[in-house]
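Both backbone and side-chain heavy atoms feed into the values below; hydrogens, waters and symmetry mates do not.
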Amino acid sequence: MSLRQFEYALAVAEQGSVTAAADVLRVAQPSVSQQIRGLERELGVELFSRTPAGLVPTVAGRAFLVEAEIAVKAARRARATARAGAAELAGELLVAVQMGLGTRQLPGALGALRRSFPRLEVTVFEEPNPTELERLARGGVLDLALMAGPCEEGLYAGHHLGDEEFVVVLPAGHPQLAADRVELRELERETWVRFGHGSALDGVLLDVLEDNAMAPATVARVSQTATAVRWVAHGLGVTLVPASAVPAGHEHLVRPVSPAVSQPVVAALRPGAGPAELALLDFLRQETWHKSAPFSPTSLSPLPMTTRRRD
């Protein structure tokens, strides 16, 4: 098996046909077909089912493609590291962010990284579910992740950047907007705009409700912090989000809460991090992070990837 075969199989899976994959790869269609057939012969399994809608990965194919993607990304990183010079850093950097963290800080750090290394390609995605972040980390797919705590020992090294304060968002005209800080128990009778079951953000809210002996009604669940804030602005309910995740123009609807709610923001780097990851870490450290309480070095001990709340 070769990396080229892996890349061809990944392209076919993404495009759904050999013809489309060949166009994307800029190679002849027979070449892609030949490589896929050879790969299937060598593995002794069918990787794709031929359906009226196109080529669809089989069960064995899906399992193979997960590992193929890891191998291809590792090869790209190896090439980038080998070629990297002070001003010639090139290649692909894959960054994952626990949804809601670093919403304002990450764009600034990425902008500085791109200005320093214009040939570097950076892909960033938000992940609401900490379990999925852990799965990606275990697979070696991620170069750097922003999360509320590092992975298990040996997977990634954690670097504490600061703390992310959570704030309550209230609809315009709400009486609690007159307060400098909102007592959480004053919101028990409100309806809440919440996040998806199992998400890190909903985990924070569940802890808050439990600690304050609250059981308010849920009016809606959304998948993005900006959506939650905008729905509150339209009078649907109230919500709790990281301060940096509040979209511009909605700051007047935000208040800190009592008891205070915050969580650490940790940059997790894969073992053997290269110059791109280290440069991004340095730029992230230069950003302004909320610090609500001293951070003990023991907080960087191995943690399951779950949201932690700190009063």
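- In this structure the side chain of R194 never reaches within 4.5 angstrom of the side chain of T239, judged on heavy atoms.
- Heavy-atom contacts from other residues, nucleotides or ligands closer than 6.0 Å to CD of E210 number 12 or fewer.
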Criterion side chain to side chain contact (heavy atoms under 4.5 Å, CB included) on V265 and H160, from CA distance to verdict: CA-CA 6 Å; V265 181; H160 180 246; 5.8 Å; no
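- Side-chain atoms of V32 and V12, non-hydrogen and from C-beta on, do get closer than 4.5 Å to each other.
- Remark: side-chain polar atoms of S116 are paired, donor with acceptor, to backbone N or O of A112 under 3.5 angstrom.
- Residues P107 and G102 approach most closely at CD-O, 3.9 Å, considering heavy atoms.
- Closest non-hydrogen pair, P171 versus L177, comes out as O-CD1, 3.5 Å.
- Checking side-chain atoms of R104 against main-chain N and O of V246 turns up a donor-acceptor pair under 3.5 Å.
- In this structure, R181 places its CZ atom where more than 12 heavy-atom neighbours from other residues, nucleotides or ligands lie under 6.0 Å away.
- Not one N or O on the side chain of H234 forms a donor-acceptor pair closer than 3.5 Å with the backbone of L236.
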Would you please test E46 and T58 for side chain to side chain donor-acceptor pair (under 3.5 Å) and show each step? CA-CA 7 Å; E46 262 197 3; T58 62; over 6 Å; no
Audit row: L269, H159, side chain to side chain contact (heavy atoms under 4.5 Å, CB included) steps and yes/no: CA-CA 8 Å; L269 270 68; H159 301 265; 4.1 Å; yes
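- When all heavy atoms are compared, the tightest approach of G158 to V266 is CA-CG1, 3.6 Å.
- Taking every heavy atom of both residues into account, A9 and F48 meet most closely at O-CZ, 3.5 Å.
- Side-chain contact between L205 and F166 is absent, with no heavy atoms from C-beta onward closer than 4.5 Å.
- Residues V182 and S258 have side chains not in contact (no heavy-atom distance under 4.5 Å, counting atoms from C-beta outward).
- When atom types are taken as modelled, the side chain of R185 and the backbone of M214 share no donor-acceptor pair closer than 3.5 angstrom.
- Taking 4.5 Å as the limit, every side-chain heavy atom of E126 sits out of range of all side-chain heavy atoms of Q98.
- Checked against V169 for a side chain to side chain contact (heavy atoms under 4.5 Å, CB included), the options V232, V193, L240, T225 give a single hit: V232.
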Can W289 and D163 be said to form a side chain to side chain contact (heavy atoms under 4.5 Å, CB included), step by step? CA-CA 6 Å; W289 298 87; D163 290 332; over 6 Å; no
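- Annotation: the span from L110 atom CG to F283 atom CZ amounts to 10.5 Å, rounded to 0.5 Å.
- Taken from CG in L281 to CG in L161, the straight-line distance is 6.5 Å, to the nearest 0.5 Å.
- Applying the 6.0 Å contact sphere to CZ of R189 captures no more than 12 heavy atoms from other residues, nucleotides or ligands.
- Closest of all the heavy-atom pairs between V18 and S33 is CG1-OG, 3.3 Å.
- Remark: side-chain polar atoms of N212 are paired, donor with acceptor, to backbone N or O of V208 under 3.5 angstrom.
- Between the CD atom in E40 and the CD atom in Q5 there is a gap of 10.5 Å [rounded to 0.5 Å].
- A donor-acceptor pair under 3.5 Å is formed between the side chain of R255 and the backbone N or O of A179.
- No donor-acceptor contact under 3.5 angstrom links the side chains of S262 and E164, judged on distance only.
- A donor-acceptor pair is defined here as one N or O able to donate and one able to accept, closer than 3.5 Å; no such pair exists between the side chain of E132 and the backbone of E127.
- Considering all non-hydrogen atoms of both residues, L253 and A233 come closest at CD1-CB, 3.7 Å.
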Audit row: R230, H250, side chain to side chain donor-acceptor pair (under 3.5 Å) steps and yes/no: CA-CA 8 Å; R230 293 189 179 104; H250 293 81; 4.9 Å; no
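- A donor-acceptor pair is defined here as one N or O able to donate and one able to accept, closer than 3.5 Å; such a pair exists between the side chain of E251 and the backbone of G249.
- Atom CZ of R41 is separated from atom CD1 of I36 by 11.5 Å, given to the nearest 0.5 angstrom.
- Tracing side-chain contacts under 4.5 Å through hydrophobic residues (I, L, V, M, F, W, Y), one reaches L10 starting from V45; they form part of the same cluster.
- The OG1 atom of T51 sits 7.5 Å away from atom CG of L55, with the distance rounded to the nearest 0.5 Å.
- Looking at P242 and E165, their side chains never come closer than 4.5 Å, going by heavy atoms from C-beta outward.
- Counting only heavy atoms from C-beta outward, the side chains of L93 and T123 never approach each other to under 4.5 Å.
- A salt bridge does not link K73 to D143: none of the charged side-chain nitrogens sits closer than 4.0 Å to a carboxylate oxygen.
- Under the 4.5 Å side-chain contact rule for hydrophobic residues, M147 and L206 do not share a cluster.
- Formation of a donor-acceptor pair under 3.5 Å by the R221 side chain with backbone atoms of F195 is found in this model.
- L3 and V24 fall into different hydrophobic clusters, where Ile, Leu, Val, Met, Phe, Trp and Tyr residues are linked whenever their side-chain heavy atoms come under 4.5 Å apart, directly or through other members.
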Take V167 and V257, measure what side chain to side chain contact (heavy atoms under 4.5 Å, CB included) needs, and give me the verdict at the end. CA-CA 6 Å; V167 294; V257 296; 5.9 Å; no
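- At least one side-chain heavy atom of L39 sits less than 4.5 Å from a side-chain heavy atom of F64.
- Taking CD from E287 and OG from S244, the interatomic distance works out to 10.5 Å, rounded to the nearest 0.5 Å.
- Partner of L146 under the side chain to side chain contact (heavy atoms under 4.5 Å, CB included) criterion, chosen from V124, L284, T103, V95: L284.
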